[in-house]
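Single-structure report; data block below.
What you see below is based on every heavy atom in this structure, not just the backbone, and it leaves out hydrogens, waters and symmetry mates. Sequence lines set the chain letters: A, B, ... in the order given, protein chains first and strands last, and positions in each chain run from 1.
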Amino acid sequence: MIEYNFAYLDEQTKRMIRRAILKGLAIPGYQVPFASREMPMPYGWGTGGVQVSAAVLTPDDTFKVIDQGADDTTNAVSIRTFFERTAGVQTTTATQEATVIQTRHRIPEEPLNDGQILVYQVPIPEPLRFLEPRESETRKMHSLEEYGLMHVKLYEDISRHGHIATSYAYPVKVEGRYVMDPSPIPKFDNPKLGDMAAIQLFGAGREQRIYALPPYTQVTSLDFEDHPFEASKADHGCGMCAATDSYLDELIIDDTGGRMFVCSDTDYCEARQAAGHIGKDNGGKDAA
Amino acid sequence: MYVAVKGGERAIENAHAWLAEERRGDVTIAELDVAQIREQLSLAVNRVMAEGSLYDPDLAALAIKQARGDLIEAIFLIRAYRTTLPRFGASAPVDTGAMACDRRISATFKDLPGGQILGPTFDYTHRLLDFKLAAEGDVPEAPSREAQTGDVPHVTGFLNREGLIEEAPQDDTPPPDLTREPLEMPADRALRLQALTRADEGFTLGLAYSTQRGYARNHAFVGELRIGKVPVEMDIPELGFAVEIGEVTLTECETVNQFKGSKTEPPQFTRGYGLVFGQAERKAISMALVDRALRWEELGEDNLGAPAQDAEFVLYHADNIQATGFLEHIKLPHYVDFQSELELVRKLRNAAGTGQVQEAAE
């Protein structure tokens, strides 16, 4: 294999990305355009997150990659292997041991601390995109703080369904200024965004945007006084580790509609099992 | 009993091994070599170079081999390689007037200085399968004659002399670089052309076709289409002058479009422009038509709401590497999002079934 620079990207490109990250940190929630590069994996598969990770990784870092909360999903494996190969960094599946965590669609259950960086892969960074397809318009709306359209959309949901019918990528407001897409995390994870000790960086490669939340940023999920935001999850305990406070995936276990629920955060689940918490589908007694 | 899904790593390795085997196909059949692809599938090679934005026939041929003939995959390989290359500088603008033309046709003038050269074209072939090719590929040598020397002037130049076509004054502003700066709107013409020349051929063709069928119709004549080699020169600062560093084959298309005049412009012909690496006629003509459609604003024309007039729509969706990546990413796991949607639908159905939809607008 050809010798690549540390973490694949050349130093000039990394500097360009770091400048975008710094700008993003200085203006929390603001989408900073950056000259995204073509990566050796497809757009839409985490190229934004990969570029951000490449720009922040140092040789001493310990890197963790999760996709849907799991370390062993195929794309997480692929990205972890990419950095093992191009950066030679230590990798881990343990949330606490990692210094940089790249994630797709989840925030780990275990609270992060101030030495850590959480890098999100973002497909569509623009929270207003599905209300207004034009980038030139949405940028204007952000600069004028013109978020009426978003509130109308949420209001229409309530009048039609009785609830806000957004279950993931639930929009948030950052420090009372920018409305931000938290990437397609389930809204269960939204409360973890605010006041987090770790740095949160969001990279959208195809859309050429980077944005960021510095530590302890105020992040509020959009809602109405009479319809407050509600983080939701399946109303069950984990079948494997009996956790009742974690986000659960639903699995179909037979062809008669049998279901079980299990933590989407594999590291959290395994650590709990190792500590002796056993769920009802794992030989334990009912976790209720 | 549920066992946590493990082994993504091994699954990936095995899939790659299987893929390599499938790529090779039946091992009793001789393997294609890169030179064969370069020489005998040259139009595929050209497309990969054009949309990959990298002029290197050998690498393009290698990419096609590696991609099992999937040209978008091959373009992707080239793009990913291209980004790792250091930049030494930029060439001087190429002079297509000095092109050594293999083909040069004008649909607007029967004869013209430089002449009409049909060149190696499919145009007047009857599309009948040639079963002889299935047996042997020997071809008789094509007749040849001495190449004509001297520049081949552009057709639009003749029209320009009479003032019948809009001026296209030389502009030495360095063009923006799509691959080094994020695409931002509004995009000037140089940037639009840069995006179009690497745009997906099918997408560009479809858009161009839509303008012919009435979505922002603007009848285009192929003023000129030329294919041939041009020298590439680069200024070497240490030398203080430009030296030729190689040559590239280009396809250039200039269209001459009807124009009845607008509030700001007199009646005159207008221009559409296409320039593409390699022999890529369909792409170059499509590019010229789309370029012309995108120019409605600077020419003071009406926005008819046609897709081909909408620069944001065209430029943000024309890149097949971006498009295919995002399209195919929906194959990736979405368990988490789907789970939250499951819960939402169940909740909404419960509410609907029990008549609990609230009137929020009281």
Query - Chi angles and distances behind the salt bridge (Lys or Arg N to Asp or Glu O under 4.0 Å) call for B:D319, A:R206 - result: CA-CA 10 Å; B:D319 189 288; A:R206 190 179 40 78; over 6 Å; no

Query raised in the report: So which of B:K347, B:E181, B:E184 has the largest heavy-atom pair count under 4.5 angstrom toward chain A?
Result: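 Of B:K347, B:E181, B:E184, B:K347 has the most heavy-atom pairs under 4.5 Å with chain A.
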
Report task. Between chain A and each of B:M185, B:E328, B:Q322, B:R346, count heavy-atom pairs under 4.5 Å; write down the option with the most. Result ->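 Highest number of heavy-atom pairs under 4.5 Å: B:Q322.
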
Report summary line: So, the part of A:Y170 with a heavy atom under 4.5 Å from chain B: the answer is neither

**Report entry** Region of A:L248 in contact with chain B, defined by heavy-atom distances below 4.5 Å
**Finding:**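 The answer is the backbone of A:L248.
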
Minimum side-chain heavy-atom gap [X]-[Y] below 4.5 Å:
X: A:R134; Y: B:D310; result: yes
X: B:T324; Y: A:Y43; result: no
X: A:P123; Y: B:F326; result: yes

Query raised in the report: By number, which residues in residues 299-307 of chain B have some heavy atom less than 4.5 Å away from chain A?
Result: none

Report task. Taking heavy atoms only and a threshold strictly under 4.5 Å, list by residue number the residues of residues 49-72 of chain B that touch chain A; give 'none' if the list is empty. Result -> none

Please check if the side chain of [X] supplies one atom and the backbone of [Y] the other of a donor-acceptor pair under 3.5 Å.
X: B:Q339; Y: A:D249; answer: no
X: A:Q208; Y: B:L183; answer: yes
X: A:E38; Y: B:T83; answer: no

Query raised in the report: Can you name the nearest heavy-atom pair linking B:D337 to A:Q68, along with the distance?
Result: N-OE1, 4.3 Å

Requested in this report: State, to 0.1 Å, how close B:L332 and A:G44 come at their nearest heavy-atom pair, and which atoms those are.
Outcome: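 So the two residues come closest at CD1-O, 4.1 Å.
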
**Report entry** B:E341: side-chain contact (heavy atoms from CB on, under 4.5 Å) partners, not counting sequence neighbours
**Finding:**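 In terms of side-chain contact (heavy atoms from CB on, under 4.5 Å), with neighbours along the sequence ignored, B:E341 is linked to A:S167, A:Y168, B:L344.
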
Need one label for [X]: side chain, backbone, both or neither, based on atoms under 4.5 Å from any heavy atom in chain A.
X: B:Y316; value: side chain
X: B:F76; value: side chain
X: B:L77; value: neither

Report task. Identify which of A:Y247, A:F188, A:Y8, A:F224 forms the greatest number of heavy-atom pairs closer than 4.5 Å to chain B. Result ->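 Heavy-atom pair counts peak at A:Y247.
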
Query raised in the report: Going by an N to O cut-off under 4.0 Å, is there a salt bridge joining A:R139 and B:E312?
Result: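 A salt bridge is absent here (no side-chain N lies under 4.0 Å from a carboxylate O).
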
Query raised in the report: How far does CG of B:L315 sit from CD of A:E135, to the nearest 0.5 angstrom?
Result: 12.5 Å

Query raised in the report: Rounded to the nearest 0.5 Å, what separation is found between the CD1 atom of B:I12 and the OG1 atom of A:T81?
Result: 6.0 Å

Query raised in the report: Among side-chain atoms of B:H334 and A:R104, is any donor-acceptor pair under 3.5 angstrom?
Result: yes

Query raised in the report: Of all residues at least two apart in sequence or in a different chain, which pass the salt bridge (Lys or Arg N to Asp or Glu O under 4.0 Å) check with B:D291?
Result: B:R189

